[in-house]
Amino acid sequence: MFEEILGQERIKGILTGSILKNQVSHAYLFTGPRGIGKTYFARAFARALLCTAPAARRPCGMCDACIRLAEGTYPDFITVAPAEGTRSIKITQIRELIRQISAKTYDGNARVCLITHGEAMTVQAQNALLKSLEEPEPGNVFMITAENSEKILPTIRSRCQMLVLEPASPEDIGRLLALKGCDGSRRETIVAQSGGLPGRAMAMMTHQEDETIKNEVFETICAILNHNGFPIFHLAEGLGKEKDGGLTAAEDLILELTGVMEAFVLSGDDGIPEGNRWLRKVRPQVDPHWVSAATEIVFELTRRLGTNANPRMQWEAALFKILALQENNL
């Protein structure tokens, strides 16, 4: 039923069982880091729910529901996301959703309401949604995706079945990349740097500019370690122009810093892989306390980048805090 989903065997088992036993919950909350496949998984679940074939053969790909879902024209699959050019889901969007689900379904079967980036719902929007979760209309199934479930009101969380997605194994990421034609050392590099996130692996394969950004971040960190803060302005200006790119760069920086910390704990110099520039060049200039403090700064940066704060200013502030760590010899 979920053959196209990498890993996630536990969750696949839960959702498959709910369909086969006709015990589908009225609301699900898919959580996990960006790039792990929350929305992809939710859409696959929606296809299985809305397909009209016998449960064991869903999704069949041939019924009217499957065909119209593929075309994006199925009326009983409703999606809500932050409007273009905005960062929040407003109460007016949720009220419109509630209006839509008050009508009868297209074919008398289930209706799926998918809310992506659920943490972007304003408090007012979440409160407006709450009544529909407390007193669900028969046949309506809500699916919410969120990177940080703590930004979802406890009253919403308590009425959803929580599904926490786990990173895919290196083997699964490697197989995915191989299917997409990515082989050799390039594939090995992406597997090592993807953090088990299929979306990130695909982005790394298809967007060469990600490598350029990583190089700029690396060079800026090296400059900071040499007490040079001038490159901070240029990097922050570039990363501040595009929210998603800046957030990806921050997440990648956390992964690299985590790798440096693991090297302190798990291996000596002989254990550093050849060609791992972060470990070869950065590790000798820092200590575990510095890495831990820098990682906390970047974690806070990712949180702030998820708000309406100015991305350029947030990057500048974070990088200057890291520079201060070096200046203070922490």
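- Rounding to the nearest 0.5 angstrom, the gap separating the OG1 atom in Thr220 from the CH2 atom in Trp315 is 9.0 Å.
- Taking each heavy atom of Ile190 and Cys182 in turn, the nearest pair found is CD1-SG, 4.0 Å.
- Rounded to the nearest 0.5 angstrom, Leu325 CG and Trp290 CH2 are separated by 7.0 Å.
- Contacts of Glu71 classified as side-chain contact (heavy atoms from CB on, under 4.5 Å), with partners at least two apart in sequence or in another chain: Ile67, Arg68, Thr73.
- A search for side-chain contact (heavy atoms from CB on, under 4.5 Å) contacts involving Gln100 returns Ile78, Glu96, not counting sequence neighbours.
- Transitive grouping of hydrophobic side chains (ILVMFWY, heavy atoms separated by less than 4.5 Å) keeps Leu29 and Val141 in distinct clusters.
- Under the 4.5 Å side-chain criterion, counting only non-hydrogen atoms from C-beta, Ser132 is not in contact with Glu137.
- Of the possible polar contacts, one joining the Asn127 side chain to the Val123 backbone as a donor-acceptor pair under 3.5 Å is found.
- By the 4.5 Å heavy-atom criterion applied to side chains, Pro231 and Glu219 are not counted as neighbours.
- In terms of modelled atom types and a separation under 3.5 Å, the side chain of Lys12 and the main chain of Leu6 share no donor-acceptor contact.
- A donor-acceptor distance shorter than 3.5 angstrom exists from the side chain of Thr302 to the backbone of Phe299, with no hydrogens or angles considered.
- Put simply, the side chain of Asn226 never gets that close to the backbone of Asn228: no donor and acceptor are under 3.5 Å apart.
- Residues Leu69 and Ile101 are members of separate hydrophobic clusters, defined by side-chain heavy-atom contacts under 4.5 angstrom among Ile, Leu, Val, Met, Phe, Trp and Tyr.
- Side chain of Arg87 to main chain of Ala120: no donor-acceptor pair is present (N/O by atom type, distance under 3.5 Å, no hydrogens or angles).
- More than 12 non-hydrogen atoms from other residues, nucleotides or ligands lie less than 6.0 angstrom from CE of Met162.
- When the side chains of ILVMFWY residues are joined at heavy-atom separations under 4.5 Å, either directly or via intervening members, Phe218 and Ile232 end up in a single hydrophobic cluster.
- Here the CG atom belonging to Leu235 is positioned 12.5 Å from the CZ atom belonging to Arg312, to the nearest 0.5 angstrom.
- For the pair Val286 and Leu225, the minimum side-chain heavy-atom distance is below 4.5 Å.
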Walk me through whether Ile19 and Met1 qualify under side chain to side chain contact (heavy atoms under 4.5 Å, CB included). CA-CA 10 Å; Ile19 293 175; Met1 192 172 288; 3.6 Å; yes
Between Cys113 and Leu97, does the side chain to side chain contact (heavy atoms under 4.5 Å, CB included) criterion hold? Intermediate values first, please. CA-CA 8 Å; Cys113 308; Leu97 170 65; 3.9 Å; yes
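- In this structure, CD in Gln23 is found 8.0 Å from OG in Ser18, a value given to the nearest 0.5 Å.
- At a cut-off of 3.5 Å, with distance as the only test, no side-chain donor of Lys90 or Gln124 sits close to an acceptor on the other residue.
- Taking 4.5 Å as the limit, every side-chain heavy atom of Leu319 sits out of range of all side-chain heavy atoms of Ile297.
- Looking at Arg304 and Glu300, a side-chain N of the basic residue comes within less than 4.0 Å of a carboxylate O on the acidic one, giving a salt bridge.
- Between Asn148 and Glu119 the shortest heavy-atom distance is N-OE2, 3.7 Å.
- Between the side chain of Thr16 and the backbone N or O of Gly13, no donor-acceptor pair lies under 3.5 Å.
- Residues Thr31 and Leu165 are not in side-chain contact: their nearest non-hydrogen atoms beyond the backbone lie 4.5 Å or more apart.
- Across Arg187 and Ala178, no two heavy atoms sit closer than the pair NH1-CB, 3.0 Å.
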Show me the donor-acceptor pairs within less than 3.5 Å that the side chains of residues 36-60 make with the rest of the protein, sequence neighbours left out.
residue	atom	partner	partner atom	Å
Lys38	NZ	Gly32	O	3.0
Lys38	NZ	Pro33	O	3.2
Arg47	NH2	Glu4	OE2	2.9
Arg58	NE	Cys51	O	3.3
Arg58	NE	Ala53	O	2.8
Arg58	NH1	Ala48	O	3.4

Please test Leu163 against Leu15 for side chain to side chain contact (heavy atoms under 4.5 Å, CB included), starting from the C-alpha separation and ending with a verdict. CA-CA 10 Å; Leu163 301 170; Leu15 298 183; 3.9 Å; yes
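- Note that the CD1 atom of Ile94 and the CE atom of Met121 stand 5.5 Å from one another [nearest 0.5 Å].
- Between Glu251 and Arg200 there is a salt bridge, with a side-chain nitrogen of the basic residue lying less than 4.0 Å from a carboxylate oxygen of the acidic one.
- Side-chain atoms of His26 come within 3.5 Å of backbone N or O of Leu133 as a donor-acceptor pair.
- You'll find the side chain of Val298 reaches within 4.5 Å of the side chain of Ile322, heavy atoms only.
- By the criterion of side-chain heavy atoms lying less than 4.5 angstrom apart, applied directly or through intervening Ile, Leu, Val, Met, Phe, Trp or Tyr residues, Leu247 is grouped together with Leu257 in one hydrophobic cluster.
- Between Val217 and Asp252, every side-chain heavy-atom pair lies at or beyond the 4.5 Å cut-off.
- Counting all heavy atoms, side chain and backbone alike, Leu305 lies closest to Ala250 at CD1-CB, 4.2 Å.
- If you chain together hydrophobic residues whose side chains sit under 4.5 Å apart, Met143 and Ile152 never meet in one group.
- Between Pro82 and Ile89, the shortest heavy-atom contact is N-CG1, 3.5 Å.
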Walk me through whether Ile144 and Leu129 qualify under side chain to side chain contact (heavy atoms under 4.5 Å, CB included). CA-CA 11 Å; Ile144 305 171; Leu129 178 65; 4.1 Å; yes
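- Within the 3.5 Å criterion, the main-chain N or O of Ile254 finds no donor-acceptor partner in the side chain of Glu256.
- The shortest side-chain heavy-atom distance between Asn109 and Asp76 does not fall under the 4.5 Å cut-off.
- Looking at Glu134 and Lys131, no side-chain N of the basic residue comes within less than 4.0 Å of a carboxylate O on the acidic one, giving no salt bridge.
- In terms of heavy atoms, Lys180 sits closest to Met202 at CG-CE, 3.5 Å.
- Side-chain N or O atoms of Arg95 include none that pairs as donor or acceptor with a backbone N or O of Ala128 at under 3.5 Å.
- Note that the OG1 atom of Thr248 and the CG atom of Leu253 stand 12.5 Å from one another [nearest 0.5 Å].
- Within a 6.0 Å sphere centred on NZ of Lys151, heavy atoms belonging to other residues, nucleotides or ligands number more than 12.
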